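Please read the structure below before turning to the comments.
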Amino acid sequence: IGVLAGGGIALWSYLQLRKSEDDLLESARLKKLMLVGLIAGGISLFLLIITSVAGLIVRSSATKADKTPKSQSVSASFVLPSSLSSYEKILNHVPSRNERNVQRTTQIILGLSEAVNTKSVATDAGELRAESILVQYVQSGGSYGAPLPASVRFSQQDTSITVIQKEPLGEEGKKQLVRVTVTKKILTQRGTPLLPDDEGYSWEFEVSGLLDQAPPFVETFLPRYSTSSAVERFAPNSLIQITFNESLDTQSFQDQFVTVFDETHNTIVDGHIVPGNKFRTVSFIPNKECAKNACGEPMYCLPLSSTLKVTVKTASKDPSASAGSSKAAYPFIGIVDTAGNALDGGGERGAGKNGTADNSPVDDFTARFATTAELDFRQPTISGIGPARDAVRVSAETPVEVLFSKMMDVTSIHTGTIQIKPAVNYSLNPRHDFQSQTTKITIDHDPFLKSTVYSPEVLSDVRDSTQNCFSQCLGPR
């Protein structure tokens, strides 16, 4: 602007000067004005050159100074023939967006990136504040019914919110669309709104009209256990990660419900559990720090060269429940799902599960594996993506897929670590392949806009199952 303004003044003065050569006073004034314009334009041009060179130097220095910054990511764009910032606050929720066949007795659970002020969500009596979270039936014509009454429960760190309906959702035998709206009225413990968007965050799901009376069971276990009697060996920095077939009640995430016993040294392994993956997965993290990963973060190790037994405890059955029911007695003393059904663990490797919870210790889930003396420092990479980078004429509803070269820590995979820009509603669904020892993430989303370039991003905060970070951010070219 300075260059253009100075040059414009100088040019105008020069043209006027040629018209006023006989008027000495006017000529003198115009010469001074032309000189001022030239000086101003010259100074502006000099400053523009200096700042441009400085910017290049700073960017070059920043690139050389840190080859694996915390915010590093890998992305792939493609072209097709609403707010991301809310996704960075609400990391996952149950039920999922557009989920179908949801049982009437489900709870609504929000996993958050920051602790909330509980009084902004619930009354002193534990009742849900409708101005903070609205649960409504979607009526014919697209209107919404009155907010449904519910109670609220919070995790110990106040980073998850569980909404429990007073009555089962919907009606028996009838499908019903339900809408959940999280408003800007929810405050963090810092006193600021949890969501930065005025319109808040909302999603819908469909209730099946059925009650959930089936118990949860273990779907996958890491490190994998052999189906034979042989005990396999894994690196001691391997996570113990148990994924269930459905979401769990947040009261299931208690350290005493997952125990690790060192049979070699006859001791209990100290550690704690971390939930994730839409509350379907728990990871056992040992307390003993043993190394640093490539991001400089601590790794925690199980005992070296040891045989370990993992026990996942089921809850006690409610004595008043009908025959064949898996309803758990309250308070829960083991794993239960969001409908309060106790775990059908099935004993060793889940081999005895029968579709009914049978109390502890008979129906606890157990598994054995051994550790080596050497840690695994191999970092994960992305070995495949879909759609392909810079693909065109992609269907608006094609799922986005990310294939990792190793088994991943699914609790590190959420909307804060895998994102799509520009903003679109989406959910993440990880799946392990035990044969290839890889993990694929399927990203389901609302229809993309036509003729729009979308860029999925995988941040370096993603971790593999041996606690290595995705700091190299390597993927298909």
Side-chain angles (χ1 to χ4, degrees), residues 218-244 255 257-277 280-295 297-312 345-351 364-381 383 403-413 430-441 462-471:
V218 173
E219 190 172 75
T220 62
F221 177 88
L222 291 179
R224 73 180 188 277
Y225 53 82
S226 174
T227 55
S228 67
S229 58
V231 176
E232 293 193 61
R233 293 190 174 275
F234 300 90
N237 56 325
S238 298
L239 292 174
I240 295 174
Q241 195 161 88
I242 305 108
T243 297
F244 300 85
D255 295 343
F257 294 169
V258 179
T259 58
V260 181
F261 184 72
D262 182 350
E263 295 183 332
T264 302
H265 301 95
N266 199 32
T267 58
I268 294 288
V269 179
D270 293 330
H272 61 281
I273 65 170
V274 175
N277 186 26
R280 289 182 54 210
T281 301
V282 292
S283 293
F284 177 87
I285 312 295
N287 290 342
K288 182 181 178 181
E289 183 178 341
C290 56
K292 302 283 187 182
N293 64 19
C295 293
E297 298 169 335
M299 286 180 164
Y300 300 92
C301 279
L302 299 164
L304 277 61
S305 303
S306 299
T307 298
L308 306 174
K309 179 182 179 180
V310 180
T311 301
V312 182
E348 183 71 19
R349 302 190 298 274
D364 294 342
F365 173 88
T366 61
R368 285 180 171 82
F369 67 94
T371 57
T372 64
E374 296 182 357
L375 278 65
D376 180 358
F377 290 105
R378 296 172 299 131
Q379 293 176 255
T381 61
S383 54
L403 178 63
F404 287 95
S405 61
K406 296 182 65 181
M407 302 282 264
M408 302 301 291
D409 171 11
V410 295
T411 65
S412 73
I413 295 170
R431 178 71 62 179
H432 297 310
D433 186 327
F434 285 87
Q435 184 173 358
S436 62
Q437 290 292 288
T438 59
T439 299
K440 177 188 285 188
I441 313 299
V462 171
R463 301 285 179 268
D464 68 16
S465 62
T466 50
Q467 307 174 63
N468 290 294
C469 59
F470 180 56
S471 66

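None of the values given here were measured: they were computed from a predicted structure. FYI, side chains are in, hydrogens and waters are out, and symmetry mates aren't considered; it's all heavy atoms of this structure.
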I'd like to check the salt bridge (Lys or Arg N to Asp or Glu O under 4.0 Å) partners of D376; sequence neighbours left out, ordered by chain and number. R378, K406
Do the side chain of T439 and the main chain of M408 share a donor and acceptor less than 3.5 angstrom apart? yes
Taking CD in E374 as the centre, count heavy atoms belonging to other residues, nucleotides or ligands within less than 6.0 Å. Is the count above 12? no
Identify, with sequence neighbours excluded, every residue that meets side-chain hydrogen bond (donor to acceptor under 3.5 Å, both in side chains) alongside K440. none
Excluding sequence neighbours, so at least two apart, what forms side-chain hydrogen bond (donor to acceptor under 3.5 Å, both in side chains) with N237? none
Tell me every residue that passes side-chain contact (heavy atoms from CB on, under 4.5 Å) with R431, counting only those two or more places apart in sequence or in another chain. E219
Residues at least two apart in sequence or cross-chain that pass side-chain contact (heavy atoms from CB on, under 4.5 Å) with N287, listed by chain then number, are D270, H272
Under the ring pair (Phe, Tyr, Trp, His ring centres under 6.0 Å) test, residues paired with F404 that sit two or more places apart: F470
Quick one: closest heavy-atom pair of S283 and T411, and the distance? OG-CG2, 3.6 Å
Please tell me if the side chains of F284 and V310 come closer than 4.5 Å, counting only heavy atoms from C-beta onward. no
Taking every heavy atom of S305 against every heavy atom of A373, the minimum-distance pair comes out as OG-CB, 3.6 Å
Heavy-atom donor-acceptor pair, Q241 side chain to T281 backbone, under 3.5 Å: no
Across all chains, not counting sequence neighbours, the side-chain hydrogen bond (donor to acceptor under 3.5 Å, both in side chains) partners of Q467 are none
Taken to the nearest 0.5 Å, the spacing of I242 CD1 from F257 CZ works out to 13.5 Å
Check F434 against F221 and note the closest heavy-atom contact, atom names and distance. CE2-O, 3.7 Å
So the salt bridge (Lys or Arg N to Asp or Glu O under 4.0 Å) pairs with at least one residue in residues 281-291 (sequence neighbours excluded) are E289-K292
Of the non-hydrogen atoms in I413 and I441, which two are nearest, and what is the gap between them? CD1-CD1, 3.3 Å
Sequence neighbours left out, what passes side-chain hydrogen bond (donor to acceptor under 3.5 Å, both in side chains) with E348? Give chain and number order. T366, R368
Output the distance between atom CG (N277) and atom OG (S412), rounded to the nearest 0.5 Å. 10.0 Å
Is there a side-chain contact between F377 and L375, using heavy atoms and a 4.5 Å cut-off? yes
From the list L222, I285, D464, side-chain contact (heavy atoms from CB on, under 4.5 Å) with L239 holds only for I285
Heavy-atom closest pair (A235 atom, T372 atom, distance to 0.1 Å) is CA-OG1, 3.6 Å
Residue pair V312, V282: steps toward the side chain to side chain contact (heavy atoms under 4.5 Å, CB included) verdict: CA-CA 10 Å; V312 182; V282 292; over 6 Å; no
Note: T466 and S238 closest approach over all heavy atoms is CG2-OG, 3.7 Å
Test of understanding: with side-chain contact (heavy atoms from CB on, under 4.5 Å), list the residues that count as partners of S306, not counting sequence neighbours. D262, T264, H265, P303, L308, T371
Applying side-chain contact (heavy atoms from CB on, under 4.5 Å), can you list everything that pairs with Q435, at least two apart in sequence or on another chain? D433
